[in-house]
Amino acid sequence: MSRKDYKKPLPRIDEENRWFWEACARHELVLQRCGGCGELRFYPRGLCPACLSSSVEYVRSSGRGRIHTFTVTYQSQAPGFRDELPYVMAYVDLDEGPRVLSNVVHTPPEEVKIGMAVEVVFEDVDEDLAIPRFRRASER
Amino acid sequence: MSLRGKTAVVGAYEHPTRYAPHLTPHRIMAESARGALEDAGLAIADVDGLCTASMGPIGVIALANHLNLRPTYLDSTNLGGSSFVAHVAHASAAIAAGLCRVVLILYGSTAASDRLAVGTGGTGGFGDPPDAYETPYGPTVVGSYAMAAMRHMHEYGTTSRQLAEIAVTTRRHAALNPAAKFHDPITVEDVLASRVVSSPLHLLDCCMISDGGGALVVTSAERARDLRKAPAYVLGAAEGVVHTGVGRQDLLEVAAAQTGPKAMAMAGIGHRDVDLRMIYDSFTITVLLTLENLGFCPRGEGGAFVCGGRLAFDGPCPTNTDGGGLSSNHPGMRGIFLVIEAVKQLRGDAGARQVKKRDVALCHGTGGVISRRHSGATLILGRERG
Ligand SMILES: [Zn+2]
């Protein structure tokens with residue numbers, strides 16, 4: 001796989017989020033915890049919105065969670081996705097707390113349910129970039 | 001200080017076009033300006049404030065250029081589709097503060113003839129920080145609203161039939177609006193038989209994309225008394241935003257929960273005082289969530305609330321009497337039409353769809369995308385100054 005074969009939208013990487021995507025490239029989902037007030041936050045940003053501290057600790061997520069809600073999309077002009085209809089978009093509640101938007105993959109759309117246990121799976125764009133998505137996990 | 005009773009909407013004009021490959025957005029806005037000023041009995045030379053917003057690069061400076069206006073108050077606040085509802089509040093504040101006297105609010109779009117994929121485009125953003133965690137997943141607008149609908153169904157047992165009732169009632173209103181795009185009646189079965197765009201939302205749960213535009217004229221309550229038509233006084237207004245924050249968002253909370261009570265408190269009214277609700281209907285679920293969050297019914301009871309024709313113009317809770325974005329028009333940002341229809345209804349000029357009791361109207365615009373980031377703007381208009 002190389003970046004020019006990957007048709008789906010890529011994240012815009014900047015100085016505030018580069019570390020997050022570098023972690024994804026290593027197949028690690030990493031969250032931030034504020035060094036000032038302790039609040040765990042998603043998505044990544046340099047300052048804690050609660051206390052404006054720039055002190056930060058990095059917490060590796062288990063990558064496990066549950067489907068909070070989802071939709072099976074049958075019509076989309078999104079590059080890459082329009083060739084893979086239908087696809088599943090979902091909010092996943094990570095075990096660590098944050099609710100994140102993603103896709104449910106490697107799982108038949110008709111079997112996706114709210115509350116279903118999922119785990120992160122990284123889709124490699126190339127050796128420097130991977131996109132975290134989720135697939136059905138065994139029940140715990 | 002409150003805005004209550006300080007200003008009024010004195011001119012309102014909805015451009016009749018629904019498909020206009022022969023017109024530009026600026027032509028639509030100029031024609032709408034002409035219509036609204038004529039409605040108010042004012043001249044273009046009276047205008048000293050200008051508001052606009054668009055999905056594209058139409059700026060307020062270029063618009064002033066196009067109309068050869070040199071206003072002393074300029075406002076291109078872009079909150080998405082709710083912008084024009086907020087513009088009425090901003091214009092009122094500016095007038096009350098003495099910054100200007102007559103504000104023209106304009107909107108024009110050729111989204112349909114430009115073949116814009118507004119709801120299913122799926123690019124999901126403009127490169128803002130949160131977009132990096134959304135665009136890689138192909139988030140369409142309809143899909144984002146669909147996720148809120150799915151969650152509502154899961155938590156409260158809301159059904160597709162109940163959502164369909166909103167589309168059916170709204171189509172009934174469109175049939176009574178000669179300018180509306182769709183006039184043929186539909187049934188709940190028709191909605192359920194239409195294809196699923198993004199589960200659980202069917203095609204007929206979604207607004208159309210049309211061309212169109214409109215204009216509003218706002219001035220002081222004092223000046224409003226001497227103008228051509230009965231004033232629609234601004235009684236209350238509020239705006240707000242709901243977003244993903246740091247990742248603990250409640251997908252069933254919309255900005256109306258914040259703006260509704262605030263606007264109603266400013267107006268000094270309760271829910272029973274509202275004779276007409278004009279609610280942004282990008283999708284059926286948008287109406288249901290907005291009604292709940294405004295407090296017209298408790299959270300979770302929206303499904304039952306919208307059934308039995310309750311929202312019909314001749315029912316107990318008249319809502320979206322023009323036919324809405326679902327059946328009348330939706331050029332991408334619909335907020336201005338909420339206010340235009342409210343003004344028509346308060347004046348008693350709504351023809352076959354006229355509501356019987358017409359003292360107070362509540363408009364609520366939603367802009368952006370529910371379940372990701374959206375704005376809300378509530379505006380309360382009344383026939384009495386309050
Ligand atoms: Zn903090």
Side-chain angles (χ1 to χ4, degrees), chain A residues 8-14 16-17 20-21 31-32 34 39-45 48-50 67-82 84-91 93-94 96-103 109-110 112-115 123 125 129 131-133, chain B residues 115-155 194-203 205-206 243-252 283 285 369-373:
Chain A
K8 290 171 185 160
L10 295 174
R12 200 171 85 166
I13 295 173
D14 57 29
E16 203 165 8
N17 69 16
F20 175 84
W21 294 106
L31 307 171
Q32 292 173 303
C34 175
E39 183 169 80
L40 194 72
R41 62 183 185 255
F42 187 88
Y43 58 91
R45 59 205 99 169
C48 168
I67 305 270
H68 177 69
T69 188
F70 71 98
T71 182
V72 185
T73 294
Y74 295 90
Q75 185 181 344
S76 171
Q77 299 304 316
F81 288 96
R82 61 180 166 233
E84 292 182 7
L85 296 169
Y87 62 94
V88 178
M89 194 163 70
Y91 271 106
D93 287 343
L94 294 175
E96 293 80 12
R99 178 165 292 160
V100 303
L101 186 69
S102 195
N103 299 126
E110 63 276 13
V112 176
K113 298 272 183 293
I114 288 176
E123 183 183 0
V125 175
L129 182 62
I131 307 295
R133 303 184 203 277
Chain B
R115 305 188 64 79
L116 282 184
V118 178
T120 58
T123 54
F126 297 94
D128 290 320
D131 295 334
Y133 314 93
E134 297 173 359
T135 52
Y137 308 113
T140 57
V141 173
V142 53
S144 303
Y145 282 78
M147 287 193 291
M150 191 72 91
R151 185 68 201 179
H152 203 279
M153 290 177 168
H154 176 81
E155 275 190 41
S194 64
R195 68 190 164 82
V196 175
V197 179
S198 199
S199 66
L201 297 180
H202 296 76
L203 182 65
D205 285 302
C206 307
H243 47 60
T244 63
V246 291
R248 312 290 192 279
Q249 66 276 28
D250 175 356
L251 271 62
L252 304 183
F283 303 95
I285 184 66
V369 183
I370 282 177
S371 96
R372 304 215 309 269
R373 277 171 293 296

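Order of the sequence lines fixes the chain letters, A, B, ..., with proteins taken first and strands second; residue numbering starts at 1 for each chain.
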Quiz question: by atom type and distance under 3.5 Å, do the side chains of S198(B) and T71(A) form a donor-acceptor pair?
yes

Under 4.5 Å heavy-atom distance to chain B, tell me which part of L10(A) shows up: side chain, backbone, both or neither.
backbone

Residue Q32(A) versus chain B: region with a heavy atom under 4.5 Å
neither

Chain A contacts, top residue of G127(B), P129(B), P130(B) (heavy-atom pairs, under 4.5 Å):
P130(B)

Looking at L129(A) and W21(A), what are the two nearest heavy atoms and their distance?
CD1-CE3, 3.9 Å

Heavy-atom distance under 4.5 Å to chain B: side chain of R45(A), backbone, both or neither?
side chain

Taking side chain as everything from C-beta outward and backbone as N, CA, C, O, which of these in A90(A) sits under 4.5 Å from a heavy atom of chain B? Side chain, backbone, both or neither.
backbone

Under a 4.5 Å heavy-atom cutoff, which of A149(B), S371(B), S199(B) has the most pairs with chain A?
S199(B)

Under 4.5 Å heavy-atom distance to chain B, tell me which part of L85(A) shows up: side chain, backbone, both or neither.
neither

Return the option, out of A146(B), G245(B), P200(B), with the maximum number of heavy-atom pairs under 4.5 Å with chain A.
G245(B)

Counting N and O atoms only, with roles assigned by atom type, does the side chain of R151(B) sit under 3.5 Å from a partner on the main chain of H68(A), one being a donor and the other an acceptor?
yes

Go through N103(A), I131(A), T73(A) and name the one with the most non-hydrogen pairs under 4.5 angstrom from chain B.
N103(A)

Tell me whether R373(B) is salt-bridged to E134(B), with the criterion being a basic N under 4.0 Å from an acidic carboxylate O.
yes

When the 4.5 angstrom heavy-atom criterion is applied to P44(A) and chain B, the contacting part is both

Could you check if a side-chain atom of Y74(A) sits within less than 4.5 angstrom of a side-chain atom of V72(A), using non-hydrogen atoms only?
yes

Name the orientation class of the two ring planes belonging to F42(A) and Y133(B) (parallel below 30°, tilted from 30 to 60°, perpendicular beyond 60°).
perpendicular

Can you say whether Y91(A) sits under 4.5 Å from chain B via the side chain, the backbone, both, or neither, judging by heavy atoms?
both

So, for P9(A) and P79(A), which heavy atoms are closest and what is the spacing to 0.1 Å?
CD-O, 3.4 Å

From the list N17(A), V100(A), D14(A), the residue making the most non-hydrogen contacts under 4.5 Å with chain B is N17(A)

Give, as side chain, backbone, both or neither, the part of P132(A) having an atom under 4.5 angstrom from any heavy atom of chain B.
both

Taking everything shown except R12(A) itself, do over 12 heavy atoms lie less than 6.0 Å from its CZ?
no

For chain B, which candidate among K8(A), E39(A), M89(A), R41(A) shows the most heavy-atom pairs at distances under 4.5 Å?
M89(A)

Any sub-3.5 Å donor-acceptor pair from R99(A)'s side-chain atoms to Q249(B)'s backbone N or O?
yes

